[in-house]
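Nothing here was measured: the structure is a model prediction, and the numbers come from that model. Values reported hereafter were calculated over all heavy atoms of this structure, with side chains retained and with hydrogens, waters and symmetry mates removed.
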Amino acid sequence: HAQRARRLAGGEAVLELVPIGETIEKKALISLARDKGIGINKCWELLARLIHEEKLFEHLIKRDKSRPKIEIARFKSS
């Protein structure tokens, strides 16, 4: 149970880093999470889970001659 509680707490910690009503670049979010003591692999895992649970959403921002920039938000892309 303690391990599950830590997982949930980690997910909530990542969720709290995403601004309400705005997007944040995925790389910046991971950097903030690392500053909070969440390991990079754990952060990727938590992000994937939060996106799967539809608590967070990926927004792909098109760029010329490059892969899209990935931003994360608490709302669906319109």
Side-chain angles (χ1 to χ4, degrees):
H1 291 300
Q3 203 172 31
R4 182 171 186 268
R6 274 197 303 259
R7 262 198 320 252
L8 290 174
E12 292 301 315
V14 171
L15 190 59
E16 287 178 4
L17 297 173
V18 178
I20 295 172
E22 296 179 36
T23 61
I24 183 171
E25 191 173 356
K26 193 172 190 177
K27 289 180 182 181
L29 178 59
I30 290 168
S31 179
L32 288 173
R34 294 204 58 207
D35 291 345
K36 295 281 186 184
I38 301 170
I40 192 161
N41 291 334
K42 189 63 167 177
C43 186
W44 283 105
E45 177 188 322
L46 292 169
L47 264 177
R49 184 171 52 86
L50 290 167
I51 290 167
H52 177 75
E53 293 173 353
E54 296 190 344
K55 292 182 180 177
L56 292 177
F57 301 90
E58 283 188 334
H59 295 243
L60 302 178
I61 311 300
K62 290 186 180 184
R63 298 187 283 192
D64 290 339
K65 301 180 183 179
S66 184
R67 295 178 60 193
K69 180 168 71 168
I70 301 172
E71 296 197 347
I72 304 294
R74 294 177 185 234
F75 53 90
K76 289 184 180 181
S77 180
S78 51

Straight-line distance of L15 CG to E53 CD, nearest 0.5 Å | 10.0 Å
For the atom pair CD1 (I72) and CD1 (I70), what is the distance rounded to the nearest 0.5 Å?
-> 7.0 Å
Does L17 reach the side chain of K36, with side-chain heavy atoms less than 4.5 Å apart?
-> yes
Taking the side chain as every heavy atom from C-beta outward, state whether I40 and R34 have any atom pair closer than 4.5 Å.
-> yes
Distance-minimising heavy-atom pair for [X] and [Y]:
X	Y	result
L32	I24	CD1-CD1, 3.7 Å
L60	P68	CB-CB, 4.0 Å
V14	L29	O-CD1, 4.1 Å
R74	F57	O-CE1, 3.5 Å
L46	G11	CD2-N, 3.7 Å
I38	A13	CD1-CB, 4.0 Å

For atom CZ of R67, decide whether the heavy atoms of other residues, nucleotides or ligands shown that lie under 6.0 angstrom number more than 12.
-> no
Would you confirm whether H59, through its side chain, and F75, through its main-chain N or O, come within 3.5 Å as a donor-acceptor pair?
->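 Checking the backbone N and O of F75 against the side chain of H59, a donor-acceptor pair under 3.5 Å is found.
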So does K26 pair up with E58, basic N to acidic O under 4.0 Å?
->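 Yes, charged N to carboxylate O under 4.0 Å.
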Does the distance from a Lys or Arg side-chain N to an Asp or Glu carboxylate O, for E45 and R49, drop under 4.0 Å?
->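 No.
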Report the C-alpha separation of E25 and K27 in whole Å, then their side-chain angles, then the decisive distance to 0.1 Å, and conclude whether the salt bridge (Lys or Arg N to Asp or Glu O under 4.0 Å) test is met.
-> CA-CA 6 Å; E25 191 173 356; K27 289 180 182 181; 5.4 Å; no
Examine I61 and I30 and state if one hydrophobic cluster contains both, with Ile, Leu, Val, Met, Phe, Trp and Tyr joined whenever side-chain heavy atoms are less than 4.5 Å apart.
-> no
